[in-house]
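Index from 1, following the sequence.
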Amino acid sequence: MSKGKDVVIPGAGTNGRPIVFFDISVGNTPAGRIKIELFNDICPKTAENFRQFCIGYRATRDVQPTGYKNSILHRVIPGFMIQGGDFINGDGTGATSIYGPQFDDENFELKHDAAGLLSMANSGPGTNGCQYFITAQPAPFLDNKHVVFGKVVGGDSMLVVRKIENVATGPNNRPKLACKVTECGEM
């Protein structure tokens with residue numbers, strides 16, 4: 001990634017990267033906050049799309065903001081990943097981006113080599129939109145198919161990911177208790 005010593009800026013991630021957050025509830029119970037560092041130096045277009053949906057994207061000034069607030073994590077596979085971001089349909093079929101309906105894969109520079117990586121969910125090459133997933137463990141079979149553009153930061157944040165990962169699921173790996181983003185934004 002970066003060469004030399006990492007620069008730390010108060011309120012920001014490594015080298016001034018943006019930090020966004022999700023406050024999560026499981027059922028009606030607060031589960032905690034997930035903080036995510038966005039790799040805007042490696043995947044600027046993808047990171048900005050996600051950041052905008054975290055802060056409430058407005059296509060024009062006269063429309064309501066849209067984004068991840070009050071969206072659900074609709075797919076949970078223990079030992080693999082948690083998936084969310086479909087604030088259109090809530091079931092994994094919705095897609096939109098700040099660039100239009102979908103946008104191309106930015107690059108595959110980073111690999112799915114750890115737990116806690118943020119990556120774009122898609123339905124094939126060049127179909128990125130609003131959906132994302134966070135890895136629960138390394139998933140090298142996803143390399144060169146999904147764009148890694150961030151990471152969960154802090155042990156408390158990863159604990160929230162593990163809480164979601166352990167919610168019982170039903171058909172289509174949908175959590176039986178709603179896992180909801182009750183608040184989100186940029187730190």
Novice: Quick check on the hydrophobic clustering: are V181 and V20 connected, directly or via other members, by side-chain heavy-atom contacts under 4.5 Å?
Specialist: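 In one cluster with V181: V20, yes.
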Novice: Test of understanding: clusters of I, L, V, M, F, W, Y form through side-chain heavy atoms closer than 4.5 Å, transitively. Do F103 and I88 belong to the same one?
Specialist: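 As far as the 4.5 Å side-chain criterion goes, I88 and F103 are connected within one cluster.
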Novice: Do V148 and V161 share a hydrophobic cluster, counting only Ile, Leu, Val, Met, Phe, Trp and Tyr and linking them when any side-chain heavy atoms are less than 4.5 Å apart?
Specialist: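 Hydrophobic grouping puts V148 apart from V161.
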Novice: On a heavy-atom basis, which atom in K176 and which in V167 lie closest, and how many Å separate them?
Specialist: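 That would be N-CG1, 4.3 Å.
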Novice: How long is the span from the CD1 atom in I24 to the CD1 atom in I82, to the nearest 0.5 Å?
Specialist: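 If we round to the nearest 0.5 Å, I24:CD1 and I82:CD1 are 7.0 Å apart.
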Novice: Can you list the residues that meet the side-chain contact (heavy atoms from CB on, under 4.5 Å) rule with A121, with sequence neighbours excluded?
Specialist: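 So A121 forms a side-chain contact (heavy atoms from CB on, under 4.5 Å) with Q83, Q131, F133.
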Novice: Please find the pair of heavy atoms, one from K45 and one from Y99, that lie closest to each other, and give the distance.
Specialist: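 Heavy atoms of K45 and Y99 come nearest at O-OH, 2.7 Å.
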Novice: Whether the side chain of N166 engages the backbone of P78 through a donor-acceptor N/O pair (distance < 3.5 Å, no angle test) should be reported.
Specialist: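 Absent.
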Novice: Can you name the closest pair of heavy atoms from A139 and F80 and give their distance?
Specialist: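 Looking at all heavy atoms of both residues, the shortest contact is CB-CE1, 4.1 Å.
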Novice: If we only count heavy atoms from C-beta on, is the N122 to H146 side-chain gap below 4.5 Å?
Specialist: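 In contact.
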Novice: To the nearest 0.5 Å, how far apart are CZ in F53 and SG in C130?
Specialist: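 The CZ atom of F53 sits 6.0 Å away from the SG atom of C130.
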Novice: Would you compute the distance between atom CD1 of I72 and atom CZ of R174 and round it to the nearest 0.5 angstrom?
Specialist: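 Here the interatomic distance stands at 3.5 Å.
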Novice: Answer with yes or no whether the hydrophobic clustering places M158 together with L73; edges join I, L, V, M, F, W, Y residues whose side-chain heavy atoms lie under 4.5 Å apart.
Specialist: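 Yes, because M158 and L73 connect within a single hydrophobic cluster, where side-chain heavy atoms sit under 4.5 Å apart.
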Novice: Please examine the side chains of N70 and K180, heavy atoms only from C-beta on, and report whether any two atoms are closer than 4.5 Å.
Specialist: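 Of all side-chain heavy-atom pairs linking N70 with K180, at least one is under 4.5 Å.
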Novice: Do you know the tightest heavy-atom contact between F149 and C43?
Specialist: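 Result for this residue pair: CB-CB, 3.9 Å.
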Novice: T66 vs T96, test: side-chain contact (heavy atoms from CB on, under 4.5 Å). Steps then yes/no.
Specialist: CA-CA 11 Å; T66 187; T96 191; over 6 Å; no
Novice: What is the minimum heavy-atom distance between A115 and A136, and which atoms define it?
Specialist: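 Smallest heavy-atom distance, with atoms named: CB-O, 3.3 Å.
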Novice: Would you say S157's side chain and I36's backbone share a donor-acceptor pair under 3.5 angstrom?
Specialist: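 Such a contact is absent between S157 side chain and I36 backbone.
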Novice: Do I134 and E165 come within less than 4.5 Å of each other through their side chains, counting heavy atoms only?
Specialist: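 With C-beta onward as the side chain, the pair stays apart.
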Novice: In Å and rounded to the nearest 0.5 Å, what is the CE to CD distance from M81 to Q137?
Specialist: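 M81 atom CE to Q137 atom CD measures 12.0 Å (nearest 0.5 Å).
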Novice: Using atom types as modelled and distance alone, determine if a side-chain donor or acceptor of D105 lies under 3.5 Å from a backbone N or O of P125.
Specialist: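 A pair under 3.5 Å: no.
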Novice: Verify the ring-centre separation between F87 and Y57: is it less than 6.0 angstrom?
Specialist: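 That pair fails the under 6.0 Å test.
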Novice: Is it true that D156 and R33 make a salt bridge, defined as a side-chain N closer than 4.0 Å to a carboxylate O?
Specialist: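 Looking at D156 and R33, the cut-off is not met.
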Novice: Is there side-chain contact between I164 and P175, with heavy atoms separated by less than 4.5 Å?
Specialist: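 I164 vs P175: side chains apart.
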Novice: Determine whether a donor-acceptor pair (N or O, by modelled atom type, separation under 3.5 Å) exists between the side chain of D91 and the backbone of D86.
Specialist: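 No.
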Novice: Do L117 and V160 belong together in a cluster built from hydrophobic side chains that touch within less than 4.5 Å?
Specialist: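 As far as the 4.5 Å side-chain criterion goes, V160 and L117 are not connected within one cluster.
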Novice: Any idea which heavy atoms bring I77 and R75 closest together, and the distance?
Specialist: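 Closest approach of I77 to R75: CD1-NH2, 3.6 Å.
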Novice: NZ of K35: more than 12 outside heavy atoms within 6.0 angstrom?
Specialist: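 For K35, atom NZ is not crowded (no more than 12 foreign heavy atoms under 6.0 Å).
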Novice: Show the numbers, then the answer: is there a side-chain contact (heavy atoms from CB on, under 4.5 Å) between L118 and L38?
Specialist: CA-CA 8 Å; L118 177 67; L38 300 179; 3.7 Å; yes
Novice: Look only at the side chain of T182 and the backbone of D23, and say whether a donor-acceptor pair between them is shorter than 3.5 Å.
Specialist: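 The answer is yes, because a donor-acceptor pair under 3.5 Å joins these two groups.
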Novice: Taking atom CZ of F50 and atom CD1 of I98, what is their separation to the nearest 0.5 Å?
Specialist: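 Answer for the CZ-CD1 pair, F50 versus I98, is 12.5 Å.
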Novice: Under 6.0 Å from the CG atom of N89, do we count more than 12 heavy atoms belonging to anything else shown?
Specialist: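 Atom CG in N89 is crowded, with more than 12 foreign heavy atoms closer than 6.0 Å.
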Novice: Could you walk me through whether F21 and E183 pass the side-chain contact (heavy atoms from CB on, under 4.5 Å) test, one step at a time?
Specialist: CA-CA 8 Å; F21 70 91; E183 189 58 74; 4.2 Å; yes
Novice: Between V147 and Y132, is the side-chain contact (heavy atoms from CB on, under 4.5 Å) condition met? List the steps.
Specialist: CA-CA 10 Å; V147 176; Y132 60 87; over 6 Å; no
Novice: Once rounded to the nearest 0.5 Å, what's the spacing between atom CG of N107 and atom OG1 of T46?
Specialist: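 With rounding to 0.5 Å, CG (N107) is 7.0 Å from OG1 (T46).
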Novice: Under 3.5 Å, is there a donor-acceptor pair between the side chain of D143 and the main chain of H112?
Specialist: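 Here the side-chain-to-backbone pair exists.
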Novice: May I ask you to check whether over 12 heavy atoms, not counting those of K111, lie within 6.0 Å of atom NZ?
Specialist: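 Check passes, neighbour count above 12.
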Novice: Could you tell me whether the side chain of D104 and the main chain of E106 form a donor-acceptor pair under 3.5 Å?
Specialist: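 Such a contact is absent between D104 side chain and E106 backbone.
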